[in-house]
Amino acid sequence: MRLYNTLTGQTDQFVPSSGNQVKMYVCGVTPYSAAHVGHALSYVVFDVLRRYLEHLGYQVHHVQNFTDVDDKIIQRAKLAGVSENELVARYIDDFYRGMDAMNIQRAHDYPRATQEVPGIIQTIQTLVEKEFAYPAGGDVYFRVTKSQGYGHLSHRTLDGMMAGARVQVDENKEHPMDFVLWKGAKPGEPSWDSPWGPGRPGWHIECTTMSLNRLGDPLDIHGGGQDLVFPHHENEIAQSQACTGRRPFARYWVHNGLLQLGEEKMSKSLGNLVTVEEALARNSADALRLYFLSSHYRGPLRYGDEGCAAAERGADRLRNALGLSDAVGAAWDCSPFQQQFFAAMDEDLNTPRAIATLFDLARAINHHHDDGLAIGEAQALLRRLGSLLGLTFQSRETGEQDHLAAKPFIDLLVATREDLRKAKQFALADHVRDGLASHGVVLEDTPQGTRWQRQTSAS
RNA sequence: GGCGACGUAGCCAAGUGGUUAAGGCAGAGGUCUGCAAAACCUCUAUCGGCGGUUCGAUUCCGCCCGUCGCCUCCA
């Protein structure tokens with residue numbers, strides 16, 4: 001397949017460094033607040049990338065970290081009156097719950113910064129020995145001026161960055177753009193002993209240590225949101241290549257576009273976020289995935305209720321095509337849809353086009369079903385292609401319990417209405433139908449009898 | 001200020017140097033239905049503005065207008 005690579009700025013043919021093994025490292029979250037739909041979007045994208053690579057026959061080794069020590073965690077824990085560990089545990093749980101509900105496959109490994117401290121210290125030590133890093137005032141900094149090609153990934157130069165005039169003056173730094181590898185501990189902060197005194201890892205260094213230790217360089221794919229390109233990924237490259245003395249650290253850099261809420265990016269610091277839990281209370285996971293994937297992964301996407309509702313109706317359309325009963329008629333060739341789908345996915349994961357193919361296939365299924373042809377094979381294809389996008393074709397699960405409890409009564413009402421219709425008591429029959437509809441139960445009369453289901457779109 | 005991205009129908013969103021510019025949602029008409037629902041069929045865009053390159057540009061180049069992202073923690 002072809003894949004856009006932030007490093008080269010082009011869409012390149014994807015070829016892993018060794019055979020059919022793919023080493024994929026995706027930057028994870030800092031668990032100090034609930035997982036939001038922007039996270040869901042990002043991890044849906046990498047989930048689809050992984051599913052598709054696996055479909056192509058690659059063996060993907062997927063590692064994703066948790067940055068479980070940083071300023072915000074310390075601050076929030078104090079605010080909540082719990083330990084850092086408790087806070088982190090709570091939000092890691094929340095993260096897993098949300099991602100599982102989105103049908104995102106779990107990574108093979110979820111390393112945590114706090115569990116890698118000896119390795120991180122080792123990495124920093126190597127950098128200090130190679131003079132890429134220097135201790136100052138209890139901290140250790142990375143020397144960006146010694147790093148060749150610094151700024152290459154984010155297409156900027158040190159001079160250009162200085163011109164931004166937003167760099168903060170720091171007495172300890174040799175150069176304003178130098179960044180911290182090790183933060184000396186302040187009173188009351190969690191800390192570890194190190195050759196430079198007690199402290200904790202800086203933000204970027206953990207990913208270098210974890211990816212090099214868990215996967216080894218070169219990584220085939222390094223992914224994350226576009227907001228990580230600078231400084232996080234730029235710094236990761238600088239550190240990692242300085243540490244190993246080899247390049248590239250990662251061969252394909254894949255970045256997803258950011259989700260916006262209203263006119264701005266959704267982010268924890270702006271506080272304008274919708275949590276995954278909230279989104280899933282109103283929409284099925286399929287609808288959200290359809291929504292995310294119906295725009296290209298590198299472009300921005302505006303999140304909103306109208307978009308969710310439209311996606312839910314679309315999901316219904318696909319579900320309906322799969323819900324049709326098969327006939328014993330002649331078969332027909334549905335393989336062109338498959339080819340079209342793969343062609344779209346091969347071209348830098350063009351999920352909008354792939355989804356369009358899914359809808360085309362659904363229409364063909366409905367059409368041929370009307371003509372009395374066999375549709376089982378095409379339905380199986382739709383299911384299979386959909387699963388490459390992580391679609392389950394299940395309706396929303398909320399209210400499942402009520403629905404089960406109410407089932408015998410709904411069945412009874414539906415059967416009664418059937419009798420009324422047979423007796424041509426249409427006014428009464430419609431009254432029953434309207435009454436059920438007002439409780440979110442939708443009836444559908446088919447030649448095989450009346451079907452009912454709970455309304456899938458949130459209301 | 002520096003760097004980057006984007007501007008396609010009522011809304012969301014693909015795509016291409018040249019026969020009919022995907023798909024979804026919404027809308028209109030029709031078929032089916034006791035009526036609906038679902039489904040099917042049909043209809044709804046000269047691709048931000050101005051120049052340039054070209055036989056020909058929505059697609060390439062320049063400028064302008066507008067929007068967004070990064071440059072600070074962030075998927």
Side-chain angles (χ1 to χ4, degrees), chain A residues 6 9 26-30 32-33 35-46 64 67 70-72 75 151 154-157 159-168 177 203 223-232 234 255-260 263-270 273 290-291 294-296 298-302 304 306-307 309-318 320-321 323-324 340 344 347 350-360 362-363 365-371 421 424-427 429-430 433-434 437 442-447 450-453:
Chain A
T6 308
V26 180
C27 280
V29 296
T30 304
Y32 69 84
S33 64
H36 60 72
V37 283
H39 297 135
L41 163 69
S42 184
Y43 299 120
V44 160
V45 165
F46 290 100
Q64 184 169 318
T67 302
D70 99 324
D71 294 343
K72 292 245 172 62
Q75 184 190 323
S154 51
H155 305 106
R156 48 187 98 189
T157 61
D159 289 345
M161 289 184 252
M162 295 305 298
R166 291 234 264 165
V167 283
Q168 70 278 54
M177 293 309 293
W203 177 31
Q226 264 164 9
D227 52 350
L228 297 181
V229 174
F230 191 91
H232 186 53
E234 195 70 59
H255 294 104
N256 64 273
L258 302 178
L259 195 64
Q260 297 172 18
E263 296 305 308
E264 278 174 313
K265 155 180 101 149
M266 184 178 301
S267 85
K268 288 192 255 192
S269 46
L270 292 172
L273 40 79
L290 230 34
Y291 187 16
S294 66
S295 122
H296 189 82
R298 280 191 282 116
L301 177 63
R302 194 159 300 186
E306 340 67 45
E312 193 73 70
R313 296 300 314 277
D316 281 340
R317 189 169 161 73
L318 298 178
N320 282 334
L324 296 174
Q340 228 176 299
E347 193 54 40
N350 193 329
T351 53
R353 228 163 73 204
I355 287 172
T357 303
L358 254 34
F359 282 108
D360 287 340
R363 182 187 293 110
I365 289 169
N366 290 328
H367 185 127
H368 287 127
H369 177 260
D370 284 356
D371 290 348
R421 289 181 68 218
K424 309 264 187 223
Q425 303 264 25
F426 294 122
D430 290 352
R433 183 174 62 197
D434 294 345
V442 181
L443 301 196
E444 194 178 319
D445 299 323
T446 75
T450 299
R451 298 195 317 179
W452 65 266
Q453 60 180 154

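Because the structure is a prediction, the values reported are computed rather than measured. First the proteins, then the strands, lettered A, B, ... as listed; each starts at 1.
- At the heavy-atom level, A:E444 lies under 4.0 Å from base atoms of the strands shown.
- The same atom, P, is picked in B:rU72 and in B:rA14; the two are 30 Å apart, to the nearest Å.
- Closest heavy-atom contact between A:L290 and A:A311: CD2-O, 4.0 Å.
- For A:H367 and B:rC41, the shortest distance from a side-chain N or O to OP1 or OP2 is below 4.0 Å.
- Across all strands shown, B:rG62 is found opposite B:rC50 as a Watson-Crick or G-U wobble partner, with both distances under 3.5 Å.
- Taking atom C1' in both B:rA22 and B:rA37, the straight-line distance is 28 Å, to the nearest Å.
- Here the separation of B:rC12 from B:rG7, taken at their P atoms, is 12 Å to the nearest Å.
- Taking the P atom of each, B:rU58 and B:rG17 are spaced 13 Å apart, rounded to whole Å.
- Taking the salt bridge (charged side-chain N to carboxylate O under 4.0 Å, His left out) definition, one finds that A:D445 meets it with A:R417, A:R421, sequence neighbours left out.
- Not a single salt bridge (charged side-chain N to carboxylate O under 4.0 Å, His left out) links A:D370 to another residue, sequence neighbours left out.
- Straight-line distance between the P atoms of B:rA38 and B:rA26: roughly 9 Å, to the nearest whole Å.
- The A:N366 side chain lies nearest to B:rA39 when the options are B:rA37, B:rA75, B:rA39.
- Atom-to-atom, CD of A:Q260 to P of B:rC12 comes out at 12 Å; the value is rounded to the nearest Å.
- At the heavy-atom level, A:N256 lies under 4.0 Å from base atoms of the strands shown.
- When the side-chain nitrogen and oxygen atoms of A:N350 are compared with OP1 and OP2 of B:rG15, one or more of them lie within a distance under 4.0 Å.
- Taking atom P on both nucleotides, B:rU31 is separated from B:rU67 by 48 Å, rounded to a whole Å.
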Can you give me the N/O atom pairs linking the protein to nucleotides 22-26 of chain B at distances under 3.5 Å, or say none if there are none?
{"from": "B:rG24", "atom 1": "OP1", "to": "A:R363", "atom 2": "NH2", "distance (Å)": "2.9"}
{"from": "B:rA26", "atom 1": "OP1", "to": "A:R313", "atom 2": "NH1", "distance (Å)": "2.3"}

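- A:H36 places none of its side-chain heavy atoms less than 4.5 Å from the side chain of A:L259.
- For A:P300, the side chain to side chain contact (heavy atoms under 4.5 Å, CB included) partners at least two apart in sequence or on another chain are A:Q260.
- B:rA57 is unpaired under the criterion used here, namely a Watson-Crick or G-U wobble arrangement in which both key atom distances are under 3.5 Å.
- One C1' atom belongs to B:rA21, the other to B:rU46, and the distance between them is 10 Å to the nearest Å.
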For nucleotides 33-35 of chain B, list the nitrogen or oxygen atoms of the protein found under 3.5 Å from its nitrogen or oxygen atoms, one pair per line.
{"from": "B:rG34", "atom 1": "O6", "to": "A:R421", "atom 2": "NE", "distance (Å)": "3.0"}
{"from": "B:rG34", "atom 1": "N1", "to": "A:D430", "atom 2": "OD1", "distance (Å)": "3.0"}
{"from": "B:rG34", "atom 1": "N2", "to": "A:D430", "atom 2": "OD2", "distance (Å)": "2.6"}
{"from": "B:rC35", "atom 1": "O2", "to": "A:R433", "atom 2": "NH2", "distance (Å)": "2.6"}
{"from": "B:rC35", "atom 1": "N3", "to": "A:R433", "atom 2": "NH1", "distance (Å)": "2.9"}
{"from": "B:rC35", "atom 1": "N3", "to": "A:R433", "atom 2": "NH2", "distance (Å)": "3.4"}
{"from": "B:rC35", "atom 1": "N4", "to": "A:D445", "atom 2": "OD2", "distance (Å)": "3.1"}

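- For A:R317, there are no salt bridge (charged side-chain N to carboxylate O under 4.0 Å, His left out) partners at least two apart in sequence or on another chain.
- For the C1' atoms, the distance linking B:rG29 with B:rC68 amounts to 40 Å, nearest Å.
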